[in-house]
Student: 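Pasting a structure below so you can have a look.
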2 protein chains.
Amino acid sequence: MRRPSDRTRSGARVRVKPIPEATVARLPVYLRVLQHLADQQITTVSSERLAEAAGVNPPKVRKDLSYLGSYGTRGVGYDVEYLVYQISRELGLTQDWPVALVGVGNLGQALAGYKGFTQRGFRIGALFDADRERAGEQVGNLRIEHIDDMESSLKEKGIAIALIATPAAAAQETAERLVAAGVRSILNFAPTVLTVPSSIHVRQVDLSVELQILAFYEQRTAGRPGRRRGT
Amino acid sequence: MRRPSDRTRSGARVRVKPIPEATVARLPVYLRVLQHLADQQITTVSSERLAEAAGVNPPKVRKDLSYLGSYGTRGVGYDVEYLVYQISRELGLTQDWPVALVGVGNLGQALAGYKGFTQRGFRIGALFDADRERAGEQVGNLRIEHIDDMESSLKEKGIAIALIATPAAAAQETAERLVAAGVRSILNFAPTVLTVPSSIHVRQVDLSVELQILAFYEQRTAGRPGRRRGT
DNA sequence: AACTGTGAACGGGTTCACAGCC
DNA sequence: GGCTGTGAACCCGTTCACAGTT
């Protein structure tokens, strides 16, 4: 069985073909589907069924999974539990990734309480806000800290991933402070492009942009919309 | 000046080259940057400066904008205000798009109060929840309605875009009801793949998936992470 | 017979280089 | 000289067809 990963003489695992970004972005979806199947005591799944549940086509599933290794059985399909383990390992979910949240406003508070994070193994490990009044306030089982204490607090807690839920105007400075505090991955909810060193991973979630994209396609379908603006 | 759009004899605008999806997804970002420039009384911008602010490279900006028409001036750049208008029109933002929100829980409530939507011209026009107890409850200046009233309410209000912020288990049924109520575009925050007719536009915002993608790249950098899980 | 794994063909999107215009 | 507009080259990702395996 040939594998797209192998070991060097020193024993370190070295990936021969890197996993394409597009594939990485789909692995979490496959994982969720597989866990759901496992909950229903389903032990084996074909690329066809997995594709259907993940909203993609079967060849794509096979290609994606082939980047991880030859984990399927021809004529049979994939072992659900084994795949769950392999994908989890690949995504680095076999270890704990505490995340920090900066900006405990409207959206930040919702994110702090979002069940989906804990369900998927992401624990909020620190909350920060720029408002001194709010420092010390309890949210869930965490106390809000002032952003001036961010650097020492994050280093102490060994936090490498952070969410930015500040107003847009504060996001860039927040990002810089996070990077100074050793954070290497940022999920940005503020509607601004962040400029960070190239070694830092940033992903952007822009709620208004999503709606604007939908509006574009909606407009094309030329159905009757709401009233004209300003009337 | 050749244009990628033209008029038929009947006067309807017909696009010769369709705008690539990838470009559509960037137009809202350009628009935001341009509006920001306009606020600072900047009247002209080069592709280089626009690219920098939007986090892309100059040729991409020029290619993207060229799909809309030849709106720049060689040797000078783009007129900020004119571009704002053209992009807004292209995205369909010169009209009002009231949106519905289904699922007024933790996340839903935050979305209902999200300032960014109103700032970008999206007004929440209806709130629905499956919990009968909550029907009638006031959130902001809207009253929560029960989902059983969705169809008549949405049709009456002429709402075509909806946000799903229900638990994952309820999302598919919610989507089906929305489609039955005439909704054509859905922004789904529930962590499930929705199956809808191909004429319906769905965009997915999956918060946990974003974190999992970051975890993947974080793991590669081989820094020391938090403690192992379960210890 | 059923289903995976994958090289090869294909297509959309990005980048490049330069022609075109102010 | 400066900057846009765009065909052409390039690259990544998707799809396809089928060889390989149980």
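The chains referred to below are lettered A, B, ... by the order of the sequence lines, with proteins before strands, and numbering in each begins at 1.
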Student: Would you please test B:Val33 and B:Tyr30 for side-chain contact (heavy atoms from CB on, under 4.5 Å) and show each step?
Tutor: CA-CA 5 Å; B:Val33 169; B:Tyr30 299 148; 5.7 Å; no
Student: Between P on D:dT6 and CD1 on B:Ile19, what's the gap in Å once rounded to a whole number?
Tutor: 14 Å
Student: Whole-Å distance between D:dT4 P and B:Leu83 CG?
Tutor: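 Computing the B:Leu83:CG to D:dT4:P distance gives 10 Å.
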Student: Contact class for A:Glu21 vs. all strands (heavy atom < 4.0 Å): base, sugar-phosphate, or nothing?
Tutor: sugar-phosphate
Student: Would you say C:dT4 has OP1 or OP2 under 4.0 Å from some side-chain N or O of A:Ser47?
Tutor: yes
Student: Are OP1 or OP2 of D:dT14 and a side-chain N or O of A:Arg26 less than 4.0 angstrom apart?
Tutor: yes
Student: Apply side chain to side chain contact (heavy atoms under 4.5 Å, CB included) to B:Glu48 and list each qualifying residue two or more places apart in sequence or on a separate chain.
Tutor: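 Partners of B:Glu48 under the side chain to side chain contact (heavy atoms under 4.5 Å, CB included) test: B:Ser46, B:Pro58.
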Student: Could you tell me which residues satisfy salt bridge (Lys or Arg N to Asp or Glu O under 4.0 Å) with A:Arg26, sequence neighbours excluded, listed by chain and number?
Tutor: A:Asp64
Student: Would B:Tyr71 and B:Leu65 satisfy side-chain contact (heavy atoms from CB on, under 4.5 Å), going step by step from the backbone distance to the final call?
Tutor: CA-CA 8 Å; B:Tyr71 295 148; B:Leu65 295 181; over 6 Å; no
Student: Round to the nearest Å and state the distance from A:Arg49 atom CZ to C:dT4 atom P.
Tutor: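 For the pair A:Arg49 CZ and C:dT4 P, the rounded distance is 11 Å.
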Student: Please state how far atom CG in B:Leu68 lies from atom P in D:dG5, giving the value in whole angstrom units.
Tutor: 10 Å
Student: Roughly how many Å is it from CG in A:Leu65 to C1' in D:dG13, rounded to a whole number?
Tutor: 16 Å
Student: Taking atom P of C:dG12 as reference, at what distance in whole Å does atom CG of B:Asp64 sit?
Tutor: 16 Å
Student: Test: ring pair (Phe, Tyr, Trp, His ring centres under 6.0 Å). Region: residues 41-66 of chain B. Which pairs qualify, not counting sequence neighbours?
Tutor: none
Student: Just distance, no hydrogens or angles: give the donor-acceptor pairs under 3.5 Å from side chains in residues 37-45 of chain A, sequence neighbours left out.
Tutor:
residue : atom : partner : partner atom : Å
A:Gln41 : NE2  : A:Asp39 : O            : 3.4

Student: Please state whether the phosphate of C:dG5, meaning OP1 or OP2, lies under 4.0 angstrom from any side-chain nitrogen or oxygen of A:Tyr78.
Tutor: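 Yes.
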Student: Produce a footprint string for nucleotides 15-22 of chain C: one letter per nucleotide, 5' end first; B if the base is under 4.0 Å from any protein heavy atom, S if only the sugar-phosphate is, - if neither.
Tutor: BBB-BBBS
Student: Sorted by first residue and then second, give each side-chain hydrogen bond (donor to acceptor under 3.5 Å, both in side chains) pair with at least one member in residues 189-211 of chain B; sequence neighbours left out.
Tutor: A:Arg32-B:Asp206, A:Arg203-B:Glu210, A:Glu210-B:Arg203, B:Asn188-B:Gln204
Student: Would you mind reading off the distance between A:Tyr67 atom OH and D:dT14 atom P, rounded to a whole angstrom?
Tutor: 8 Å
